[in-house]
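The structure under discussion appears below in the form of structure tokens.
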Amino acid sequence: MATARSSFSASTDHQVPSSLVNLGNAAGVCIMSNAWKYEQEPSLISFISAFLSTNSFRLNFVSISPDLIFNCGGVSIAFVFVTKWDCCNVASIFNRVKRLKGQFARLYVVATLSTKAQSDSFIQSYFQYEMEFGKPAFVQVTDAEMGFEKIVKIAHSRGVCKQQKVASKLKVERKRTVQDTNIFIRFVTSIPNINKHDANTLYQAIGSIEAIAKASKEDILANTDLSSEKAEILARFFQDPEFYLSPKFN
């Protein structure tokens, strides 16, 4: 459970400063539940629309189970956004959260708790309904505008993390490819009469040492610019033990 603090003071006319949050060139999609929208004050919906527009997010209204779904950087995050905490009706909130937890791998619950009574009700109910800590994560805020700001920041940060993981994975794969290419070239150029150009040609056309080992002379000639003599050497090297075990003189 976490308590968020707003980076701005909510004004009565819900103006959204352009520097409210610094998301850089972030862009994404916010899907809002039609049912949730109709339960909110029009001023809050106007605030949300302006906030998203300022931060380069598209807003769509759809019939969905959570209140909000964000798609940022290729990752989807679902939110239950409780803007009016009813101390007398907490069962419906927690039962809904339990149901949605089984449907969405990335689920957050943002609860607006503006009074001590609401905060006490939340804490008591959290343990009463045996919620598992962090599954899902609950975020406490003191007003709805602050809550939505927090939602956007959570969604954005999850998207950034996903993009960083993808970039890191691609970097590792590129490094592995370079290493594999170097090993391939070193091995193939150890074969008599096969030079680095031949090795690069074979790597591009056939792709692996295993594939070359299975290729016939005709396959090599059909897919590369190697000479008939070199194709014969390659085919015999992999398929004729007496050839590759006998001494070679260049």
Side-chain angles (χ1 to χ4, degrees), residues 1-10 14 16 20-21 28-52 55 57 59-72 75-159:
M1 293 181 288
T3 302
R5 295 186 180 277
S6 178
S7 61
F8 68 102
S9 298
H14 302 291
V16 183
L20 184 58
V21 288
V29 178
C30 171
I31 302 172
M32 181 183 293
S33 163
N34 282 321
W36 183 85
K37 172 190 174 184
Y38 296 138
E39 293 174 354
Q40 308 308 313
E41 296 292 335
S43 58
L44 176 60
I45 302 303
S46 296
F47 170 85
I48 289 173
S49 297
F51 187 97
L52 292 172
N55 290 286
F57 281 86
L59 175 60
N60 297 330
F61 300 99
V62 182
S63 295
I64 53 175
S65 299
D67 299 326
L68 302 160
I69 296 177
F70 274 78
N71 191 309
C72 297
V75 61
S76 293
I77 310 99
F79 293 89
V80 172
F81 189 14
V82 183
T83 57
K84 301 171 183 175
W85 186 271
D86 184 353
C87 299
C88 299
N89 188 29
V90 296
S92 62
I93 297 173
F94 284 95
N95 289 334
R96 180 174 177 236
V97 168
K98 286 184 176 181
R99 185 177 70 254
L100 291 174
K101 183 177 71 170
Q103 299 175 17
F104 296 90
R106 304 177 188 88
L107 177 68
Y108 289 81
V109 183
V110 178
T112 304
L113 308 172
S114 56
T115 67
K116 184 178 184 302
Q118 289 176 327
S119 183
D120 291 345
S121 168
F122 166 76
I123 294 172
Q124 180 181 352
S125 302
Y126 184 89
F127 293 103
Q128 179 184 343
Y129 288 91
E130 300 179 340
M131 300 303 298
E132 186 178 358
F133 185 76
K135 298 182 179 180
F138 280 76
V139 179
Q140 302 175 58
V141 295
T142 56
D143 62 68
E145 290 87 351
M146 179 199 302
F148 192 76
E149 177 188 347
K150 188 67 176 177
I151 285 171
V152 174
K153 288 182 177 179
I154 290 170
H156 173 68
S157 64
R158 291 299 300 265

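Counting from 1, the numbers follow the sequence of the chain as shown. Just so you know, these numbers come straight off a predicted model, no measurement behind them.
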Are Leu52 and Val152 close enough that some pair of their side-chain heavy atoms sits under 4.5 Å apart? yes
Can any side-chain N or O of Ser125 pair as donor or acceptor with the backbone N or O of Gln128 at less than 3.5 Å? no
Minimum heavy-atom separation for Ser76 and Asn71, please, with both atom names. OG-ND2, 3.4 Å
Please give me the minimum heavy-atom distance between Leu113 and Ser119, naming the atom from each residue. CD1-CA, 4.1 Å
Between Phe70 and Ile154, does the side chain to side chain contact (heavy atoms under 4.5 Å, CB included) criterion hold? Intermediate values first, please. CA-CA 10 Å; Phe70 274 78; Ile154 290 170; over 6 Å; no
Not counting sequence neighbours, which residues clear ring-ring contact (aromatic ring centres under 6.0 Å, His included) with Phe148? List them please. Phe51
Would Tyr108 and Ile77 count as a side chain to side chain contact (heavy atoms under 4.5 Å, CB included) if you check the C-alpha gap in whole Å, the side-chain angles of each, and the deciding distance to 0.1 Å? CA-CA 8 Å; Tyr108 289 81; Ile77 310 99; 3.6 Å; yes
Measure from the ring center of Phe122 to the ring center of Phe138 and say whether it is less than 6.0 Å. yes
By salt bridge (charged side-chain N to carboxylate O under 4.0 Å, His left out) - contacts of Asp120 (at least two apart): Lys116
When you compare the side chain of Lys150 with that of Gln140, does any pair of heavy atoms fall below 4.5 Å? no
Using the rule given for side chain to side chain contact (heavy atoms under 4.5 Å, CB included), can you reason through Leu107 versus Val80, listing the C-alpha separation, both sets of side-chain angles and the distance that settles it, and then say yes or no? CA-CA 8 Å; Leu107 177 68; Val80 172; 4.2 Å; yes
Just jot down the salt bridge (charged side-chain N to carboxylate O under 4.0 Å, His left out) partners of Glu132, sequence neighbours excluded, or say none. Lys135
Can you check whether Thr83 reaches Leu44 side chain to side chain, under 4.5 Å on heavy atoms? yes
Would the number of heavy atoms belonging to other residues, nucleotides or ligands and lying under 6.0 Å from CD of Glu130 be above 12? no
Under a 4.5 Å cut-off applied to non-hydrogen side-chain atoms, are Arg106 and Pro136 in contact? no
Does Gln124 have more than 12 heavy atoms from other residues, nucleotides or ligands lying within 6.0 Å of its CD? no
Do the side chain of Thr112 and the main chain of Val82 share a donor and acceptor less than 3.5 angstrom apart? yes
Quick one: pull up CG in Leu59 and CD1 in Ile48 and give me the separation to the nearest 0.5 Å. 8.0 Å
Got a list of side-chain donor-acceptor pairs under 3.5 Å for residues 89-102, not counting sequence neighbours?
from	atom 1	to	atom 2	distance (Å)
Asn89	OD1	Ser92	OG	3.4
Asn89	ND2	Ser92	OG	3.2
Ser92	OG	Asn89	O	3.3
Asn95	ND2	Ala91	O	3.1
Arg96	NH1	Asp67	OD1	3.3
Arg96	NH1	Asp67	OD2	3.4
Arg96	NH2	Ser65	O	2.8
Arg96	NH2	Asp67	OD1	2.7
Lys98	NZ	Tyr129	O	2.7

Please report, to 0.1 Å, the donor-acceptor pairs under 3.5 Å made by any side chain of residues 30-38, with sequence neighbours excluded.
from	atom 1	to	atom 2	distance (Å)
Ser33	OG	Ala35	N	3.2
Ser33	OG	Trp36	N	3.2
Trp36	NE1	Phe81	O	2.9

side-chain hydrogen bond (donor to acceptor under 3.5 Å, both in side chains) partners for Ser121, two or more places apart: Trp85
Go through the steps to decide whether Phe57 and Val29 satisfy the test side chain to side chain contact (heavy atoms under 4.5 Å, CB included), and finish with yes or no. CA-CA 5 Å; Phe57 281 86; Val29 178; over 6 Å; no
Measure across Cys87 and Ala117 and return the closest heavy-atom pair with its distance rounded to 0.1 Å. SG-O, 3.9 Å
